[in-house]
Structure formats: C-alpha cells, structure tokens
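One structure below.
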Amino acid sequence: MKKFILLVALCPWFKAASQNLPEAIHKTENERYEVALADLKILISKEPTKGDNYFYCGELYFKKNMFDSARYYYNKGAELNPTYPLNYVGQGKVFYFEDKIAEANAAIFKATAISKNKMGEVLRKQAEIYIIAKTKRLDDAIKLINMAIKLEPTQFENYLLLGDAILEQNPAEGSVPITHYNKAAELNPKSPKSIIRIGKLYERAQNYDLGLEYYAKAIALDPTYAPAYREQAELFFKKRKKQEAIASYKKYLELNESPTARERYASFLYADKNYAEAVLEITNLQAKGKISLYLERCLAGSLSELTEKKVDTAIVKRGLQASTNFFEITKSIPKFKYVINDYKYRGTLNLKIGNDSLAMLDLKTIEALDSTSFYELNKDYAKIFLKAKKYPKVIAIFNFLNTKAPKYITNLDWYDFGRNFYYEGGAKLREKKDTLANQDFVKADSCFSKLTKMQPSYAMGYFWRGKVNVQLDPKDLGLLTKEYFEKALTLVKPEQIANYKPQIIEANLFLGSHYSLSKDKDETKAKAAFDKIKEIDPENKVMVDFFKKTTEPAKPAETKAPKDTKKNTTQKK
C-alpha cells in the first residue's frame with residue numbers, strides 16, 4: 001500500500017490517467033472516436049505495459065471496422081502484458097470476423113485459461129462476439145452471460161447483453177428482452193443505454209411513436225449522449241419527418257463534431273436522398289483529408305443519382321472516380337461485403353458516358369448475385385440507352401425481358417418501350433426503310449395497347465396510340481387514330497391540362513384537320529377542336545390559319561361590264 005501511495009506521489013499523472021480510461025471508453029461509446037483515440041494514445045504513452053489501454057484502443061478501431069488497426073493494438077497489448085486476458089479475446093474477435101474459426105477459438109481459449117472464467121468483462125466480451133458476428137453462437141453467448149451474472153449480479157451490462165442475445169434468437173419477440181433491459185435500467189438508472197435499446201425494440205416493431213418517446217427519455221436522462229440524437233434522427237427519417245430528422249442530426253453533430261460524425265451525417269443525407277447536400281458534405285470532408293470507403297460509396301451513388309435526369313459529363317466522371325476509389329480501397333479488405341448498388345452505380349455511370357462494355361460487366365456481376373436486381377437494372381440501362389437514342393439496344397433489352405422475365409415489365413416500362421419502338425420507326429423512315437419502320441410502329445402500338453389495358457384511365461397511353469397510328473394509317477382510313485385521340489382527351493381532367501398541353505394540341509390538330517378535310521367532313525367538330533387549341537396556345541399557326549380561312553368574308557364574284565348593245569346597233573346600221 002505504501003508503495004502504491006509513493007508511486008502516486010512520484011507520478012502526479014497516474015491518478016488522472018487511471019480516471020481517463022473510463023472517460024476514453026465513454027467517449028468511444030459516445031462515438032467521439034477521434035478524441036477518445038487521442039486520450040487512449042496518451043494513456044498508452046504513459047502506461048506502455050498496461051493491457052487495458054491497448055484493448056480499448058483495439059475496441060475503438062474495431063467499432064470503426066478497421067480490423068488491421070484493431071488487430072495491431074490487441075497483439076501489442078498481449079505482447080506487452082501477456083497476463084491480461086482481454087487482448088486475447090480481441091484477437092479472437094478479429095479472427096472470428098475473418099471466418100478463421102480455429103485461430104479465433106485458440107485465442108479465446110488462451111483468454112479463458114488466464115481468467116479461469118472469473119472475470120465478468122472477459123465473459124461479456126466473449127459473449128458479445130457470438131452475438132454480433134455473422135456466424136452467431138447465441139446459446140454459448142447466453143451461457144457466458146449467465147456465468148457473468150453469477151460473478152457480478154449488479155453489473156447492468158450483463159442484462160443489456162442478455163437482452164441482445166435473446167432478441168437475436170427470436171427477433172419477432174421483444175417481451176423477454178425488454179425485461180432484461182428494464183433490469184439494466186434499474187441497476188444503472190443514470191445510463192441511457194438500456195433506454196435506447198427499448199426504443200430500438202419499439203422501432204423494430206414499427207411502433208415509431210413509442211420508439212421516439214424512449215429516445216426522448218434517453219436524451220432527458222443524459223443530454224450529452226450523442227447516439228440518442230442519431231437514433232432519434234434516423235427514426236424521424238423513417239417517419240418522413242425530414243426537418244425534425246435534420247435538427248436531431250445537427251444536435252448530434254454539436255455533441256460530436258468530428259470527421260467520423262460528419263461522415264455518418266453524409267451517409268444519412270445520402271440515405272435521405274438528399275444527394276446534393278451529401279455531395280457538399282463529402283466534398284468538405286475530403287478537402288480536410290478524410291478518406292473513407294463509405295464516403296466514396298456515398299459520393300458515387302449521389303453523383304449517379306444527380307445525373308438521373310440530366311447527364312453532366314464532368315459529374316459522371318467524378319462519380320466514376322469515386323466508384324474507382326471505393327473498389328480500390330475495398331479490394332484490400334478480406335471478404336468485404338459489397339451491395340448491389342456498388343455495381344449498379346458504377347455500371348450506370350459508365351453507361352452515361354458511353355462505356356457500354358464496362359457497364360455490361362457490372363450487369364453480369366449483378367446477374368450472378370440477384371436476379372430481381374439484374375432485371376431491374378436492365379430496365380435502368382434501357383432508360384439510359386433511350387435517352388442516348390440507342391434504340392436498337394433498348395429493343396434488345398425489351399426482347400430479352402419480354403422473353404425471360406415478362407412479370408418484371410411494369411406500366412411505365414411498356415410506356416418507355418413503346419416510345420423506343422416509335423422513335424426507332426421514325427429513324428428507319430428517315431433512312432427510307434419503310435417496311436422495317438412499319439414493323440417498329442406495330443410493336444410500339446402493341447406496347448401502348450398493353451399500357452392502356454393495364455391502366456385504362458391513363459390518358460398518355462391513348463395519346464401515344466394516336467401518335468403511332470398517324471404513322472401506321474396516315475389517312476386514318478380505319479378511324480383508329482381519331483378514336484384514340486378522342487379517348488385520350490376525355491381522360492384529361494381540367495386540373496391536368498397544363499401537364500398534357502403538347503399532347504392536347506397534337507390531338508386537336510389532328511382532329512381539327514380530320515373533320516375539316518376528310519370525307520366525313522364536319523366543320524362544327526373541326527371548329528371545336530381548333531377552339532381547344534386556341535384556349536391553351538393562342539399563337540398556334542395551324543389554328544390561326546384555320547380561323548382565318550373560316551372567318552374571312554367571301555370574295556364577291558367578279559363582275560363584267562355589260563355589252564353596249566346600243567353602240568353595236570349603231571355600228572350595224
């Protein structure tokens with residue numbers, strides 16, 4: 001004891017450093033990773049053989065999915081303090097997440113041999129591995145937690161983990177886990193951790209209002225606990241309360257103003273489809289030297305989405321660079337889990353600047369991973385080809401889908417494919433390939449026919465059937481064009497007129513000409529059609545010319561001077 005007092009006296013930093021480890025752990029839990037890491041590195045420099053400093057530094061890196069850095073600190077801690085068991089648990093965790101089960105078991109066995117199952121934290125940390133890993137061992141986790149409860153019956157963390165393990169066993173049943181979370185809250189009423197877990201339980205059950213109540217309780221309990229604001233923000237986002245979500249996230253950033261928090265906020269903006277703001281946030285982070293595969297993933301996705309309506313080559317190239325950076329970073333991470341969008345965004349970005357062959361490689365990759373996403377991406381590619389006027393490529397996709405997966409073709413797809421056949425028919429007409437053009441117009445009409453059957457109240461389907469039949473039957477001998485245009489006009493509601501203005505004009509121009517020029521001539525109906533054009537486009541030249549002809553007064557018949565019969569008579573005389 002005297003030696004301990006003397007050590008404290010000789011080393012005035014000892015007490016502060018010992019107190020700082022719990023503070024550093026709290027900062028890690030509060031997701032303030034940068035300041036927590038700075039504290040831990042100071043502790044390591046002051047206490048270079050203290051195993052727990054290395055272990056919690058490894059834990060911080062593990063939370064950030066930086067497994068190599070986590071492994072380094074676990075290994076270093078085990079090397080410098082081989083009798084401290086938690087670093088072996090850490091080694092085992094990294095091995096377990098790398099699917100190196102034999103190595104993981106060996107490391108955990110070493111921790112068990114040292115602790116002899118008499119250290120609650122060793123049991124908890126081992127149980128945590130089995131709960132959070134991809135390959136779970138939930139029965140083993142529960143057994144370990146119950147052992148920890150016998151050793152430390154008042155340690156609230158035991159009950160948090162027990163609730164987590166039981167919830168993983170049966171995600172649809174929250175009644176048992178909630179009793180353990182309540183027990184944890186009873187043992188440590190000042191901690192928001194159990195309250196947050198209860199809130200997440202209600203969120204999982206889609207009882208969002210009750211989930212928000214518990215997040216508010218957690219914030220009231222500890223207004224400095226940043227994760228509570230993040231959970232609140234993300235639940236507001238699920239409820240489509242965008243303003244409240246952003247306000248909560250900004251509060252989170254006030255408490256945790258760090259590059260890691262900003263990165264999480266950028267991911268949130270991306271998930272919220274707020275792509276322009278996500279790009280701005282990511283750009284600012286990268287300007288400050290923040291490099292992250294998640295930032296590159298979100299940047300590639302955001303830039304791809306921003307070019308959905310209008311292709312900007314510079315933005316597409318920047319998106320492709322972000323995608324390239326992402327794949328470059330991840331290829332060095334063993335068994336990194338890619339998502340479909342990683343390939344989808346790279347493929348669509350390549351397609352938008354004409355790198356069709358590269359785009360097709362990503363399409364093939366997706367085909368091997370998920371058939372539904374593969375068929376959906378085919379349709380996305382078709383839309384890009386349509387905008388680029390690569391009509392034969394759209395037709396190839398249409399023929400493939402119509403043969404292999406017709407159930408994936410929606411109303412909107414019939415509309416897009418119909419337009420594509422129409423435009424391809426027009427291109428062949430310009431090339432004087434009339435027969436081939438007619439075949440495309442027939443296919444276009446077939447697509448729009450499908451659309452009108454599936455959605456009979458959709459005016460656009462009938463407008464397009466009218467357009468197509470103008471090409472198939474220019475003189476409207478079968479009167480189908482007239483019928484389609486008239487049907488379309490009856491389906492347009494007064495409040496929709498502004499949205500259908502070009503179609504209404506086109507239809508009425510046809511009808512006006514039809515009734516004024518065809519064999520079933522009807523000037524009243526012709527005038528009614530042109531009157532409708534006049535209402536929405538008073539400067540329309542065809543309409544103006546029509547009314548000029550119908551309103552001009554008729555020219556009087558040319559009169560000739562009568563013959564002077566008297567004069568003639570005189571001459572004869």
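Computed from a predicted model, the values in this text were never measured in an experiment. Just so you know, residue 1 is the first one in the sequence shown, and it goes up from there.
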* Apply ring-ring contact (aromatic ring centres under 6.0 Å, His included) to the pair Tyr229 and Tyr252, showing each step before the final yes or no. => CA-CA 5 Å; Tyr229 294 98; Tyr252 170 75; 8.1 Å; no

* Go through the steps to decide whether Asn420 and Asp440 satisfy the test side chain to side chain contact (heavy atoms under 4.5 Å, CB included), and finish with yes or no. => CA-CA 9 Å; Asn420 182 80; Asp440 286 323; over 6 Å; no

* Check step by step if ring-ring contact (aromatic ring centres under 6.0 Å, His included) holds for Phe268 and Phe237. => CA-CA 9 Å; Phe268 169 77; Phe237 165 65; 5.7 Å; yes

* Chi angles and distances behind the side-chain hydrogen bond (donor to acceptor under 3.5 Å, both in side chains) call for Asp370, Thr372 -> CA-CA 6 Å; Asp370 179 64; Thr372 301; 4.8 Å; no

* Criterion salt bridge (charged side-chain N to carboxylate O under 4.0 Å, His left out) on Glu376 and Lys379, from CA distance to verdict -> CA-CA 5 Å; Glu376 291 299 326; Lys379 295 193 295 185; 3.3 Å; yes

* Yes or no on salt bridge (charged side-chain N to carboxylate O under 4.0 Å, His left out) for Lys100 and Glu98, after CA distance, side-chain angles and deciding distance? -> CA-CA 5 Å; Lys100 296 177 180 177; Glu98 292 175 343; 3.7 Å; yes

* Asked: Lys335 and Asp99: salt bridge (charged side-chain N to carboxylate O under 4.0 Å, His left out), yes or no, with the steps?
  -> CA-CA 9 Å; Lys335 297 187 178 180; Asp99 289 333; 3.5 Å; yes

* Asked: For Lys501 and Asp537, what are the C-alpha separation, side-chain angles and deciding distance, and is it a salt bridge (charged side-chain N to carboxylate O under 4.0 Å, His left out)?
  -> CA-CA 9 Å; Lys501 183 178 173 181; Asp537 185 14; 5.4 Å; no

* Test Glu59 against Tyr73 for side-chain hydrogen bond (donor to acceptor under 3.5 Å, both in side chains), laying out the working first. => CA-CA 9 Å; Glu59 289 289 274; Tyr73 281 96; over 6 Å; no

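The six-membered or imidazole ring of Trp414 lies away from that of Phe448, with a centre-to-centre distance of 6.0 Å or more.
Of all non-hydrogen atoms in Ile395 and Phe421, the two that sit nearest each other are CG1-CE2, 3.6 Å. Minimum interatomic distance between Cys57 and Leu40 (heavy atoms only, all atoms of both residues): CA-CD1, 3.7 Å. Of all heavy-atom pairs between Ile219 and Ala228, the closest is CG1-CB, 3.6 Å. Looking at every heavy atom in both residues, Lys352 comes nearest to Thr307 through NZ-OG1, 3.0 Å. Closest approach of Ala278 and Tyr270 over heavy atoms only: CB-N, 3.9 Å.
Residues Ile282 and Lys290 fail the side-chain proximity criterion, which asks for heavy atoms closer than 4.5 Å. Between Tyr500 and Leu489 there is no side-chain heavy-atom pair separated by less than 4.5 Å. Here the side chains of Val394 and Phe417 are in contact, with some heavy-atom distance below 4.5 Å. Residues Glu296 and Thr324 form no side-chain contact, since every pair of their non-hydrogen atoms from C-beta on lies 4.5 Å or further apart. Lys134 places none of its side-chain heavy atoms less than 4.5 Å from the side chain of Phe97. Two residues are said to be in side-chain contact when any heavy atoms from C-beta on lie closer than 4.5 Å; Asn378 and Phe374 meet this criterion. At a threshold of 4.5 Å between non-hydrogen side-chain atoms, the residues Pro227 and Ile196 do not count as touching. Counting heavy atoms from C-beta outward, Glu203 and Tyr208 have side chains that approach closer than 4.5 Å.
Note on ring orientation: taking the six-membered ring where Trp is involved, the planes of Tyr408 and Tyr375 are tilted (angle from 30° to 60°). Classified by interplanar angle (parallel below 30°, tilted 30° to 60°, perpendicular above 60°), the ring pair Tyr415/Tyr458 is perpendicular. Between Tyr423 and Trp464, the ring planes are perpendicular. Angles over 60° get that label, and only those under 30° would be called parallel.
The distance from atom OH of Tyr345 to atom CG of Leu303, rounded to the nearest 0.5 Å, is 11.0 Å. The CD1 atom of Ile409 sits 4.5 Å away from atom CG of Asn402, with the distance rounded to the nearest 0.5 Å. The OG atom of Ser248 sits 11.5 Å away from atom CD of Glu231, with the distance rounded to the nearest 0.5 Å. Rounded to the nearest 0.5 angstrom, Asn256 CG and Arg32 CZ are separated by 6.5 Å. Between Arg318 atom CZ and Thr313 atom OG1 the span is 15.0 Å, to the nearest 0.5 Å. Note that CD of Glu281 is 10.0 Å distant from OG of Ser267, once rounded to the nearest 0.5 Å.
For Gln243, the CD atom sits in a loose shell: 12 or fewer heavy atoms of surrounding residues, nucleotides or ligands are nearer than 6.0 Å. Under a cut-off of 6.0 angstrom, the local environment of OH in Tyr72 is sparse, with at most 12 non-hydrogen atoms contributed by other residues, nucleotides or ligands. Other residues, nucleotides and ligands contribute over 12 non-hydrogen atoms within 6.0 Å of the NZ atom of Lys239. Atom NZ of Lys433 sits in a sparse spot, with 12 or fewer heavy atoms from other residues, nucleotides or ligands closer than 6.0 Å. Other residues, nucleotides and ligands contribute at most 12 non-hydrogen atoms within 6.0 Å of the CD1 atom of Ile291. When the shell of 6.0 Å around CD of Glu539 is examined, it contains 12 or fewer heavy atoms from other residues, nucleotides or ligands. By the neighbour-count criterion of 12 heavy atoms within 6.0 Å, atom NZ of Lys136 is densely surrounded, having more than that number from other residues, nucleotides or ligands. By the 6.0 Å contact criterion, NZ on Lys64 is enclosed, its count of non-hydrogen atoms from other residues, nucleotides or ligands being greater than 12.
The main-chain N or O of Ala300 is never found under 3.5 Å from a side-chain atom of Ser304 such that the two would form a donor-acceptor pair. Checking side-chain atoms of Thr283 against main-chain N and O of Val279 turns up a donor-acceptor pair under 3.5 Å. Using modelled atom types, no side-chain atom of Asn341 and backbone atom of Lys344 make a donor-acceptor pair closer than 3.5 Å.
Side-chain contact check for Asp445 and Asn469: at least one donor-acceptor pair (N or O, by modelled atom type) lies under 3.5 Å. A side-chain donor-acceptor contact under 3.5 Å links Asp413 and Thr410. For the residue pair Glu213/Tyr202, the side-chain donor-acceptor check at 3.5 Å is not satisfied. With no hydrogens or angles considered, a side-chain donor-acceptor pair links Asn411 and Gln455 at under 3.5 Å. A donor and an acceptor atom, one from each side chain of Glu31 and Thr260, are nowhere located under 3.5 Å apart.
A salt bridge is defined here as a Lys NZ or Arg NE, NH1 or NH2 lying under 4.0 Å from an Asp or Glu carboxylate O, and Lys428 with Glu424 meets this definition. Salt bridge annotation for Glu29-Lys193: present, with a cationic side-chain nitrogen under 4.0 angstrom from a carboxylate oxygen.
With a 6.0 Å cutoff to the six-membered ring centre and a 45° limit on the axis angle, Lys93 counts as a cation-pi contact of Phe62. With a 6.0 Å cutoff to the six-membered ring centre and a 45° limit on the axis angle, Arg230 does not count as a cation-pi contact of Tyr249. Both the sub-6.0 Å distance and the 45° axial angle are not jointly satisfied by Lys404 relative to the ring of Phe400.
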